[in-house]
Amino acid sequence: MKNDALSTALSQFDDAADRLHLDDDVRGVLRVSKRELSVNFPVNMDDGSIQVFCGYRVQHNIARGPAKGGLRYSPHVSLDEMRALAMWMTWKAAVVKLPFGGAKGGVMVDPRALSAAELEDLTRRYATEISIIIGQSEDIPAPDMGTNPQIMAWIMDTISMHKGHTVTGVVTGKPVAVGGTLGRVEATGRGVLFVIEELCKQESINLEGSTVAIQGFGNVGSVAANLLRRAGARVVAVSDRSGGVYDGGGLDVDSLVEHRKAKPLVECSGVDKITNAEVLGLPVDFLIPAALEGQITSQNAGDVRARFIVEGANGPTTPGADRILEERGVTIVPDILANAGGVIVSYFEWVQDLQFYFWEEDEVNDRLRKVITRAYREVAAAAERDGVTMRQAAMALGVGRVVEATLIRGIYP
Ligand code: GLU
């Protein structure tokens, strides 16, 4: 039995391949990862013991440029999960027209169970292990679940120490002090806002006063909540792994963010408590799954009462759920479009690093809006023209561009 995320990714790819009438040869190339590295490596722990950790870096495809994608630190990391997430990165980069292929990596670890020193040692050793395939022209990691700008700085420093000179472009999502870009931390959440703004324009919806529920209050969910609230939307519910909080009049997102720095969401006072399942079933305009993959399935898709699902997470909706939601008239803005803000600004960071020339934050945000809005319009127009869902349209565009690059390049030798 394949990992669920991988089954979802493959089923989405097969559907796109059918629609594009791809022959078995091209399908065979794109259905598998180009390169998969598994590493087991020891780390000295604070108590004097040595613990062996397992990590991966998977490059799904590099037909359109260097491999690009995040690094995940989580106990659930597996090779199949990396394969799925790397494949989604390939389509994502192609949908928003970045000159990148797709990759993903991770370590099977709960980062919250490590001390700061253990986390740094683990990161530097893992970076060394995968240094044989990453590089600013080869494969450029970035943050994902369980990792952050500090971890990216350690990776940049480790690779730079090996080279004997500073190589900022080997990783994105770095702190601004060491070659990071302004706007990267907020980029995925801001991309979600821009996508929703464009959707509202096209569907003649007033974002002001519209209602939002968000599953996940990490980097993506909390920034999206903040920006949407500032844009006038009413964020009525958010959740993290501890559970959810609800206020029909609109949550005070700023104080939730403050509270969340020290404690789980459900320990917040002055708001109603709801379960994660209840968050997914709220009658809101926009439901934003911004946590793990496989959250909306054929089991609970019937409970969704949102008008639109905007996928901040990668792979939150299974193909079975897609079918049920389509029948029920729920429009999904798919992950490879809706959460592309992160990798778009990663691209801007990489370009700035390569040019040693850094932009104002306004320029980063304006360019992000331009790139993601154009992609949204292309996907929405293709969905309308072909009478398909936005996921099917986005997949056809993304896969189609990778196929085009593959065929133009030809098969070596
Ligand atoms: N981890 C993010 C994603 O899933 C960002 C990847 C990147 O910036 O390379 O899209």
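Indexing begins at 1, ligand by ligand and atom by atom, following the structure's order. Throughout, residue positions are numbered sequentially from 1 according to the sequence presented.
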Point to revise | Part of P143 with heavy atoms under 4.0 Å of ligand 1, whether side chain, backbone, both or neither | key: backbone
Point to revise | Sub-4.0 Å heavy-atom approach of R72 to ligand 1 | key: no
Practice item. Provide the number and element of each atom of ligand 1 under 4.0 Å from a heavy atom of M89. Key: 3 (C), 4 (O), 6 (C), 10 (O)
Practice item. Could you check whether the rings of F13 and W91 sit parallel, tilted or perpendicular, using 30° and 60° as the cut-offs? Key: parallel
Check your understanding: Do NZ/NE/NH1/NH2 and the carboxylate oxygens of R307 and E203 come within less than 4.0 Å?
Key -> no
Check your understanding: Any side-chain heavy atom of R369 within less than 4.5 Å of one from T373?
Key -> yes
**Study point:** S346 N/O under 3.5 Å from ligand 1 N/O
**Key:** yes
Point to revise | D157 with R124: basic N within carboxylate O range, under 4.0 Å | key: yes
Point to revise | Numbered atoms and elements of ligand 1 in range of G69, under 4.0 angstrom, heavy atoms | key: 9 (O)
Review point. Where does V345 meet ligand 1, judged by heavy-atom distances below 4.0 Å: at the side chain, the backbone, both, or neither?
Key: neither
Check your understanding: Between the candidates L98, D144, N219, which shows the shortest non-hydrogen contact distance to atom 1 (N) of ligand 1?
Key -> D144
Study note, to complete from the structure: Within 4.0 Å of some non-hydrogen atom of K104, the atoms of ligand 1 are 1 (N), 3 (C), 4 (O)
Practice item. For G342, counting its heavy atoms only, list the atoms of ligand 1 lying under 4.0 Å from any of them. Key: 8 (O)
Check your understanding: Between F308 and F286, what is the ring plane arrangement, given parallel below 30°, perpendicular above 60°, and tilted in between?
Key -> parallel
Point to revise | R184 to ligand 1, any heavy atom closer than 4.0 Å | key: yes
Check your understanding: Is a salt bridge present between D24 and R31, judged by a nitrogen-to-oxygen distance below 4.0 Å?
Key -> no
